Structure formats: C-alpha cells, structure tokens
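Note that the coordinates shown come from a computational prediction; the quantities given were computed from them, not determined experimentally.
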Amino acid sequence: MTFNLNDYLQTTYTDPECQRIIFGVLKRLHISYYCPDRADFEQDARLIMAKSMQRFDSTHSNLPSQHNHARYLYLYQHLYWRLIDRLRVQKRRTAQIQMSLDKDFANTAAQIQQEKILQDFAAEHEFTKLEINNFLQTLISQLTTQQRRYLQLLYLGYKPSEIADRLGIFRQAVANLRRRIIKIGRHLVRSTFH
C-alpha cells in the first residue's frame, strides 16, 4: 500500500502516536510554546515525519503491521536528528547576523581594548604609551575581519569554545586565528626594531 506525501502529512495530524513523537521531540529540544519559532519547528517536524514515514514504508514494506514500534523508533530518531541540524543552522545564522550587526561595536571594542592596554602602569612615560598605541593600530590594520572579531571576543572574556560558537567556526580554527595574530605581531615587532 503506497501513499503519497500528502497522505503521510495528514497522518501526522490524525495519528496520536505521531503527535506524541512530534511534541516529545520538541520538548526534548527545549522548544517551548513561548518560542517565537515554535510553529515553524512544528511544521518542519510534520514535514520531516511525513517524508520519514514514506521512506520507512517504502524500504520496509515487507514488515508486518504489528511492527509499528520499530517504525515509531525510526521516526523519533530521524525527527530528532533533523531538528537538531536545523537548530544548529539557525544558531549559525543568528551568530552571523549578530556579528554583522556588531560592526559599530567592533570599532568601539577595538578602541576600548587599546585604551585598556594603554593603562599599563608599568609604562612610565608617555612615549611608551604612544609606542604601544602605534603598535596596536598597525597590528589591527593588518588583521583580517575575522582576526579582529577574535580579538574583540577574547578581550570581552570569551573562552576559545565560546569564540568558536560566536564566530560559527571550529575550535581549531580559533587556535589558528590566534597563531596567525601572534605571527603577524612578531613580524611587526621584528620589522619595527630591525
């Protein structure tokens, strides 16, 4: 017995077990009724479940009807994984949008960072402070946008794993950003004093 996708989609509204699976997965993922995207997640869950039922029934057509338990386990896991993927994509997009909205903040953060470094009490003379300021301005001008964002988040006290989440990159990429900034700084020091 073959159904088209619309029939499976209708089943997600009428079958109480499908309803339980959908709302159980949403609850497990902490998508509450107060979440602004709740309705979108629910519709995506129904569509994912309908496609999963269609795929399961086409590949397991020889199973007797009393094996619904295996079918529901498959549907639950597949729905859970797909919604987790969607949440990760949404988190990355949100972080990217937030970083693009923080462009004005980026300039402010760089200025605050320079001012904090200039408050070095070990620097006895104005000339030393001026050298540090010039060095930082030169360093920041040679960094890429991603490297500047890394420095801003580091200055704000974020840990490497949090920086990776905020920038939407892997922790190893954060370590690479740090290494490149140090390399640029060392090159700048060598070229200044030699």
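- With contacts defined as side-chain heavy-atom distances shorter than 4.5 Å, the pair Gln147/Gln142 does not qualify.
- The distance from atom CD1 of Ile140 to atom CD of Gln152, rounded to the nearest 0.5 Å, is 8.5 Å.
- If you take CD on Gln54 and OG1 on Thr11, they are separated by 11.0 Å, rounding to the nearest 0.5 Å.
- With His78 as the fixed residue, the ring-ring contact (aromatic ring centres under 6.0 Å, His included) test singles out one of Tyr74, Trp81, Tyr76, Tyr80: Tyr74.
- In this structure, Phe41 CZ and Leu87 CG are separated by 4.0 Å, a value rounded to the nearest 0.5 Å.
- Taking CZ of Arg148 as the start and OG of Ser141 as the end, the distance is 7.5 Å to the nearest 0.5 Å.
- Look at Glu17 and Arg20 and you find a salt bridge, because one of the NZ, NE, NH1 or NH2 atoms lies within 4.0 Å of a carboxylate O, short of that distance.
- You'll find the side chain of Leu26 reaches within 4.5 Å of the side chain of Leu83, heavy atoms only.
- Between Phe23 and Lys27 the shortest side-chain heavy-atom distance does not fall below 4.5 Å.
- Ion pairing between Arg71 and Asp57 holds under the 4.0 Å rule for side-chain N and carboxylate O.
- In this structure, the side chains of Gln19 and Ile22 stay at 4.5 Å or more apart for every pair of heavy atoms.
- In terms of heavy-atom proximity, Ser52 sits nearest to Leu75 at CB-CD2, 3.5 Å.
- Shown here is Arg86, whose CZ atom has more than 12 heavy atoms of other residues, nucleotides or ligands within 6.0 Å.
- Shown here is Arg38, whose CZ atom has more than 12 heavy atoms of other residues, nucleotides or ligands within 6.0 Å.
- Between Met53 and Thr12, some side-chain heavy-atom pair lies under the 4.5 Å cut-off.
- Within the 4.5 Å cutoff, no side-chain heavy atoms of Leu73 are placed close to those of Gln77.
- When the side chain to side chain donor-acceptor pair (under 3.5 Å) test is applied to Arg180, no partner is found at least two apart in sequence or on another chain.
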Practice problem: Apply side-chain contact (heavy atoms from CB on, under 4.5 Å) to Leu153 and Glu162, showing your working. | Solution: CA-CA 9 Å; Leu153 294 172; Glu162 295 169 331; over 6 Å; no
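- When the side chains of ILVMFWY residues are joined at heavy-atom separations under 4.5 Å, either directly or via intervening members, Leu151 and Val189 end up in a single hydrophobic cluster.
- Within the cation-pi definition used here (under 6.0 Å to the ring centroid, within 45° of the axis), Arg46 qualifies as a partner of Tyr13.
- Within 6.0 Å of the CZ atom in Arg186, the count of heavy atoms belonging to other residues, nucleotides or ligands does not exceed 12.
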Exercise. List the steps, then state whether side-chain contact (heavy atoms from CB on, under 4.5 Å) holds for Arg88 with Asp85.
Key: CA-CA 5 Å; Arg88 286 180 182 149; Asp85 289 342; 3.9 Å; yes
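- The distance from atom OH of Tyr150 to atom CG of Asn176, rounded to the nearest 0.5 Å, is 10.5 Å.
- Of the inter-residue distances, the one linking Met49 atom CE with Tyr72 atom OH reads 8.5 Å to the nearest 0.5 angstrom.
- Looking only at side-chain heavy atoms (C-beta outward), Ile169 and Leu177 come within less than 4.5 Å of each other.
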